[in-house]
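Numbered from 1 within each chain, the chains take letters A, B, ... in sequence-line order.
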Protein chains: 2
Amino acid sequence: MNVHIEVRRVNEAGEERTRTASIRDVARAADVSYQTVSRVLNDHPSIRPATKQRVLDAMEELRYRPNQAARALVTSRSSTLGVILGSRGEYGPTSSLAAFEDSAREHGYWVNSAYLRDTQPETIRAAVEHLRRQSVEGIVVHAPQVRVFDILAELDVDIPYLGLNTAERGIVELAEDQMRGGKMATEHLIELGHVEIVHVAGPQDWIEAESRMRGYLHALSDADLPTRAPILGDWTADFGYRAALELSHRLDFTAVFAANDAMAVGLMHGFRDVGIDVPRRVSIVGFDDIPLAAHSWPPLTTVHQQFAGLGRRAVTELLRLINADDAPPLLASVEPSLVVRASTARAFGHQ
Amino acid sequence: MNVHIEVRRVNEAGEERTRTASIRDVARAADVSYQTVSRVLNDHPSIRPATKQRVLDAMEELRYRPNQAARALVTSRSSTLGVILGSRGEYGPTSSLAAFEDSAREHGYWVNSAYLRDTQPETIRAAVEHLRRQSVEGIVVHAPQVRVFDILAELDVDIPYLGLNTAERGIVELAEDQMRGGKMATEHLIELGHVEIVHVAGPQDWIEAESRMRGYLHALSDADLPTRAPILGDWTADFGYRAALELSHRLDFTAVFAANDAMAVGLMHGFRDVGIDVPRRVSIVGFDDIPLAAHSWPPLTTVHQQFAGLGRRAVTELLRLINADDAPPLLASVEPSLVVRASTARAFGHQ
DNA sequence: TTGTATGCGTTATCAA
DNA sequence: TTGATAACGCATACAA
C-alpha cells in the first residue's frame, strides 16, 4: 500500500521514467523480505498460507509483473523457443506455427520467430543469430529447403534444433509421411486406371518436394508403370497455370499429381483455358487440402495434412531434445490421408 | 586466447553447464577491461582502432554473443515489438505479419507474437500479459474484432498499442481504405448495370467487415439503389457455399459482393452446384485478392490489398507512438485497388 | 582513451 | 518458515 504510493512517487519526482513495481516493492508492501516474494512466484512449498496471501494481494495491488529479462539473466533459461520459417503467407506453415505457439505456451514456453527472406547463408546466419540473442533454448526449422540444413550444419549451431519434414536431422517419421502421402495420391490415380501420370513437383531443393516425388516414383514402380521426369515447379498457382498450357501441347498423359494444391488449382485453370476437361480428359490430385481445395472447380482430390498436429508435435520433440530426454519418440500422430473429390471423380476408361 | 581455454575449462571442470562467453571473457582475451568491450559493442566513439580490433578478434574467437536479457535488464529496453493476431492461417494477416517482422528487424527490433484462440477477455488479457512480460515496447493488434479493442481499453494497457484496420484507436486511414475498397467493389457492380446487389459480410464484430459493409451501403445510397440487409458470414469458403444454396431459393438479385475471397469462392461453388451461372446469372466480387483468386472458376474480380504495405506501415506507426513522435503520419501507402476478372465479366443486361 | 564501481530484477545458496 | 547475500551480464556514471 505504502509502496504503491512510493512507486508512483518515483514518477512524480521528476524526469524519472515510469518504473514498474519490482519484487522489492511487493516485499515492502507485504512486509516481508523479497526472497519470500520470490518464493511465492516460484511456488515454493514452504511458505505460510497467510504470508503467501499477503504477498499475492500486494502483487495485485501494485500490478506487479515478473521481469522476464531479469529472470532469464539469472537462470540463463529464457523459456523461449525459436522458429525459423522458410516460406511465408502460406496456409500450411502458418497453421503449423499457430499450433506450435499454442502448444509451446501450454508447456510454459514463449515463441520467437524469424522469417527467411531467402536461403542465402548470410540470411540464415542472421536468423539463427537473432534467435540466439534472444537466448532461445531450441529452434524449430520449418524451412524445408535442403540448402538451409546444409548451411545450418556448417554454422555449427550450439543449441538443439529440429527440422520439420526433414529426413536429415529432425522428425524422420514426418518426412516419411510426406512420401507416403505422395504414394497415396499416385496410387489413387493408378487405381482409377491411369497409366500415364505426370508429376508437377515442388522446387528441387525442398525436402518436402523431394519426399512427395519419391512417393510418386515408388507408386509407379510398384505398379510397374513407366516413370516420367517430373516437372519442377515453385508451389505457386501461377506456375501450375503455365505448366498446364505447356502440357497441353503434347497430351500423352491422363492424370497429373501436383505436389501442392495451389499448383493443382493453377493446373485446372490452365487446362480449362485450353479446353481440356478435368476430370474427363485429365484427372488431377493435389497435396495439402487447403480450405479452398473443396471449393475449387472441380473440387480437388488431395492429400490432407495435419498441419496443426505437426506444429504440436514439433514442440514436444524439441522439448525432448532440449531436455536430452532419451525416451522413445511419440507415436507419429500426423498421418496424411487422401480426400477424394471431383477432380478425379471419373475413373479413366469409364469416360 | 587464454580465455578461450578458460571458458572451456569451466565445462570440463565437472557438472558445470556450458557457459557462453561473456563480456569479461572477451575482455580478458583482448587484454582490456570489460567496459572497453562494452564500448566496442555500443560503437562508442573514443576508442583506439587497434584496441577495437583486438576486442573484435577476441569476440570472433570466443564466438561471443551479447546477452539480450542482461542488456534488457539494465537498459529496461527490450527492442522488441509485440503482435497480437486474431486470426490464424489466413493469407492476409500472415502476409502482413511477415512484412511487419522484416520491417521491425530493419529498424533494429525483434518481434514477439501471440495468437488469440478466441476473443474471451481472459484470453486477451493473457496475450497482453505474455507480451508485457517479454517487455515489449509496443503492441500491434491485428485482431480486428471490435470486442478485442473494448477489452483492451478496459485492460488499461500501459504501453503503446495500435490497431490495424481499426477506426477506433489506430491507423485511421487504413480503416478508411477498407471502406473505400467496399465502395469500389460495389460501384463496379453498379456500373455493370446491377441494381439488386447482395452483400455477404464478415462477422458482425469485425471492424474490417463493418468497414467493407459501410462501403457497400455508401455505394448503393450514392447511386440511389435500394439497400438490403447484408448476410453475416464467418469469412470461410464453407459459409459462402451454404449461403449460395440459401440465396438460390429466392433469386431476387443479380450480383453478390462478398466481404472476402474465400466466401466468394464458396459462393461460386454453391451457385454452380445448383445450376446458377456465374457470371451470366449472378456476378460476384470478392475482397483481398488472395493468390488463388486469379485461378478460381471463374477467375474472381476482387479488391487487391497491400498486406505487406500494411505490415510495414504498422512498424513505423508503432515506433512513432513509442517515441511519442508528434510528426504527421506518413501518407497512406496502402490503397486498395480493384482487379477485374471473369466473375463479373458480363455486364448485367448484356446476357 | 581507458578503467572502477554500482545497479538493473531475479533466483539460488546459504544461514537463522 | 523466513531472511541475508551473492551472483547473472551488461551499461552507465564517474574517475583516472
Any side-chain donor paired with an acceptor under 3.5 Å for B:Thr80 and B:Asn112?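 The criterion, which ignores hydrogens and geometry beyond distance, is not satisfied for B:Asn112 and B:Thr80.
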
Among the nucleotides C:dG9, C:dT1, C:dG3, which one has an atom lying closest to any side-chain atom of A:Asn67? C:dG9

Is the base of D:dT12 touched by the side chain of B:Gln35 through a donor-acceptor pair closer than 3.5 angstrom?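 When only heavy-atom distances are counted, B:Gln35 does not reach the base of D:dT12 through any donor-acceptor pair under 3.5 Å.
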
To the nearest Å, give me how far apart CG (B:Asp31) and P (C:dT1) are. 19 Å

For B:Val37, answer base if it contacts any base atom (sugar-phosphate contacts may also be present), sugar-phosphate if it contacts only those atoms, and nothing otherwise; contact means non-hydrogen atoms under 4.0 Å.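 Here B:Val37 touches no strand at all.
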
Residue whose closest nucleotide on DNA chain C lies nearer the 5' end, B:Val74 versus B:Ile47: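 Residue closer to the 5' terminus by nearest nucleotide: B:Ile47.
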
side-chain N/O B:Ser33 vs C:dT4 OP1/OP2, d < 4.0 Å: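 No, no such contact exists.
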
Is the number of heavy atoms from other residues, nucleotides or ligands within 6.0 Å of CD (A:Glu60) greater than 12? no

Would you check if the side chain of B:Asn42 reaches a backbone N or O of B:His44 as a donor-acceptor pair within less than 3.5 Å? no

Could you check how far CD1 of B:Ile23 sits from P of C:dT4, rounded to whole Å?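 Checked: the CD1 to P distance equals 14 Å.
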
Do A:Arg147 and A:Pro121 have side-chain heavy atoms sitting under 4.5 Å apart?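 In short, these two side chains touch, coming nearer than 4.5 Å.
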
Rounded to whole Å, NZ of A:Lys52 lies from P of D:dT1 at a distance of 12 Å

It should be established whether A:Arg24 places a side-chain nitrogen or oxygen under 4.0 Å from OP1 or OP2 of nucleotide C:dG9.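 For C:dG9, neither OP1 nor OP2 has a side-chain N or O of A:Arg24 closer than 4.0 Å.
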
What's the closest nucleotide to the side chain of A:Ser22 if the choices are C:dC14, C:dT2, C:dT10? C:dT10

Students often get this wrong, so: under 4.0 angstrom with heavy atoms, is B:Thr75 touching a base, only sugar-phosphate, or nothing? sugar-phosphate

Measure from the side chain of B:Leu41, starting at C-beta and using heavy atoms only, and say which of D:dA11, C:dT2, C:dT11 lies closest. D:dA11

For C:dG3, does OP1 or OP2 lie under 4.0 Å from any side-chain N or O of B:Thr36? yes

Quick one: is B:Tyr64 getting a side-chain N or O under 4.0 Å of the D:dC10 phosphate, OP1 or OP2? yes

Return the nearest nucleotide to the side chain of B:Leu73; candidates are C:dG9, C:dT1, D:dT2. C:dG9

If I take atom OH in residue A:Tyr34 and atom P in nucleotide D:dT1, what distance separates them, rounded to the nearest angstrom? 21 Å

Which of C:dT2, D:dG9, C:dG9 is nearest the side chain of A:Ala70? It is C:dG9

Distance, rounded to the nearest Å, where A:His44 contributes NE2 and D:dT1 contributes P: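 It is 8 Å, rounded to the nearest whole Å.
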
Would you say A:Ser38 reaches C:dT10's phosphate, i.e. side-chain N/O to OP1/OP2 under 4.0 Å?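 Checking A:Ser38 against C:dT10: no side-chain N or O falls below 4.0 Å of OP1 or OP2.
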
Any donor-acceptor pair under 3.5 Å from A:Gln68 side chain to A:Ser78 backbone: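 Answer holds: yes.
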
Answer yes or no: side-chain N or O of B:Arg65 and base N or O of D:dG9 forming a donor-acceptor pair under 3.5 Å.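 No, no donor-acceptor pair under 3.5 Å.
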
For B:Asn42 and D:dG9, give me the distance from atom CG to atom P, rounded to whole Å.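 Whole-Å distance recorded here is 17 Å.
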
Passing option when B:Val148 is tested against B:Leu152, B:Asp150, B:Ile151 for side-chain contact (heavy atoms from CB on, under 4.5 Å): B:Leu152

Calculate the interatomic distance between B:Arg71 atom CZ and D:dT12 atom C1'; express it in whole Å.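 Atom-to-atom, B:Arg71 to D:dT12, this comes out as 13 Å.
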
Whole angstrom value for the distance that separates C1' of D:dC10 from CG of B:Asp25: 13 Å

